[in-house]
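The model shown is predicted, which means the values in this text are computed figures rather than measured ones.
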Amino acid sequence: MRNRIFWGLFLLLSAALLIVSQLHLITYTFNFWTIVATIFLVFFLIKSLVYYSISGTVFTLAFLAILYAKPLGIAALSAWTILGAALLVSIGLSVILNPFLAKHRPWMRYKSQVKWEKKPFGSYYEYNDDMKTVDSPDVDVFVKMGNSVRYVRSNDFHTANVQANLGSAKVYFDHVTVNDTATIKVNVSLGNIELFIPRNWNIVKGINNNMGNISEAGVQNISSDSPTVTITGLVSMGNLKIQYI
């Protein structure tokens, strides 16, 4: 459903932009590369809106503002000023709107177990990594402005929901057995997720990439008996690494 909405809106807006630019209904002159960049940014803007990605929406609008700084009358602002403001707006809106978006993004309902610890000498606090072993067929990891490590153990693994918002999450699946199929859902927003996957798993990727980075390391060793594990979700201006072990 969301894919249909996304592609429908994207094609309609792209058609409108091309028509308006050719009919000269706007006094600003569009060159070829400006149109290409605009279509590219509109692509990510609609994807961010469809997937309720605050950081993706704000930063895409920031890049559009940089691209059209002159007609918008903000040419006096440098690109770094606009991007810095976008970062602050993204963090502020995330703090305010995340509770309301939770019903649309179920993995946001799980609170991080990260703890603050006072040092024995001095008056400041130190942020410790949240490490935990999870013995369950269904795993949920939610990291916000922190670091989390999960060691998953299960004899019948089914699903994992992993979200990193301005934080880092590492999830190890080397002590997991998949009897048939399983699904790992990821959501990265200005953060980092590393998945440590057994090399004998047959990985099927269905990940939406919104100005992020998706990489793989290691060598797979797939056979006819290998279980199929699907990785889905969204990487929005973040990093997802799949490490085969």
Item to complete: Could you list the residues that satisfy side chain to side chain donor-acceptor pair (under 3.5 Å) with H158, not counting sequence neighbours?
Response: D156
Discussion item. So Y68 and I74, do their side chains get closer than 4.5 Å, heavy atoms only?
Written reply: no
Worksheet item: If you group Ile, Leu, Val, Met, Phe, Trp and Tyr by side-chain heavy-atom gaps below 4.5 Å, do I96 and V89 land in one group?
Response: yes
Worksheet item: With a 4.5 Å limit on heavy-atom distance, are the side chains of I207 and V235 in contact?
Response: yes
Worksheet item: Once you round to the nearest 0.5 Å, how far does CG of D140 lie from NZ of K185?
Response: 10.0 Å
Worksheet entry | Within-4.5 Å side-chain heavy-atom neighbours: I66 and L83 | yes
Worksheet item: So, for F196 and K170, which heavy atoms are closest and what is the spacing to 0.1 Å?
Response: CE1-CB, 4.1 Å
Worksheet entry | Residue pair P227 / N200: nearest heavy atoms and the distance that separates them | CD-O, 3.9 Å
Worksheet item: Heavy-atom distance under 4.5 Å between the side chains of T232 and T183, does that happen here?
Response: yes
Worksheet item: Is a side-chain donor or acceptor of Q220 paired with a backbone partner of N202 at a separation under 3.5 angstrom?
Response: no
Worksheet item: Do L67 and L77 share a hydrophobic cluster, counting only Ile, Leu, Val, Met, Phe, Trp and Tyr and linking them when any side-chain heavy atoms are less than 4.5 Å apart?
Response: yes
Worksheet item: Under a 4.5 Å side-chain heavy-atom rule over Ile, Leu, Val, Met, Phe, Trp and Tyr, are V219 and V229 clustered together?
Response: no
Item to complete: For residues A86 and A62, report the shortest heavy-atom separation together with the two atoms involved.
Response: CB-CB, 3.7 Å
Item to complete: Hey, could you give me the CG/CZ distance between L195 and R150, rounded to the nearest 0.5 Å?
Response: 13.5 Å
Worksheet entry | Close side-chain approach of I54 and N165, heavy atoms under 4.5 Å | no
Worksheet item: With a 4.5 Å heavy-atom cut-off, do I203 and I231 have their side chains touching?
Response: yes
Practice prompt. Specify the closest pair of heavy atoms between V162 and A169, including all atoms of both residues, with the distance to one decimal.
Written response: CG1-CB, 4.1 Å
Discussion item. Looking at S136 and V139, would you say the former's side chain and the latter's main chain have a donor-acceptor pair under 3.5 Å?
Written reply: no
Worksheet item: Does CG in N155 sit with more than 12 non-hydrogen atoms of other residues, nucleotides or ligands closer than 6.0 Å?
Response: no
Practice prompt. May I ask you to check whether F157 and F173 place their ring centres under 6.0 Å from each other?
Written response: yes
Worksheet item: Of the non-hydrogen atoms in S168 and V143, which two are nearest, and what is the gap between them?
Response: O-CG1, 3.7 Å
Worksheet item: V141 and V171: which non-hydrogen atoms are nearest, and at how many Å?
Response: CG2-CG2, 4.4 Å
Discussion item. Could you tell me if the side chain of N187 sits less than 4.5 Å from the side chain of I193, heavy atoms only?
Written reply: no
Worksheet item: If Ile, Leu, Val, Met, Phe, Trp and Tyr residues are connected whenever their side-chain heavy atoms lie under 4.5 Å apart, and connections chain through other members, are L88 and V58 in the same group?
Response: no
Practice prompt. Might you work through the side chain to side chain contact (heavy atoms under 4.5 Å, CB included) test for S226 and W201, ending with a clear yes or no?
Written response: CA-CA 5 Å; S226 295; W201 284 7; over 6 Å; no
Donor-acceptor contacts, no H, no angles, side chain residues 236-245, under 3.5 Å, sequence neighbours left out:
from	atom 1	to	atom 2	distance (Å)
S236	OG	S53	OG	3.1
S236	OG	G56	N	3.4
N239	OD1	N213	ND2	2.7
N239	ND2	N192	OD1	2.6
Y244	OH	E216	OE1	2.5

Discussion item. Counting C-beta onward and ignoring hydrogens, is there a side-chain heavy-atom pair between I184 and I197 closer than 4.5 Å?
Written reply: yes
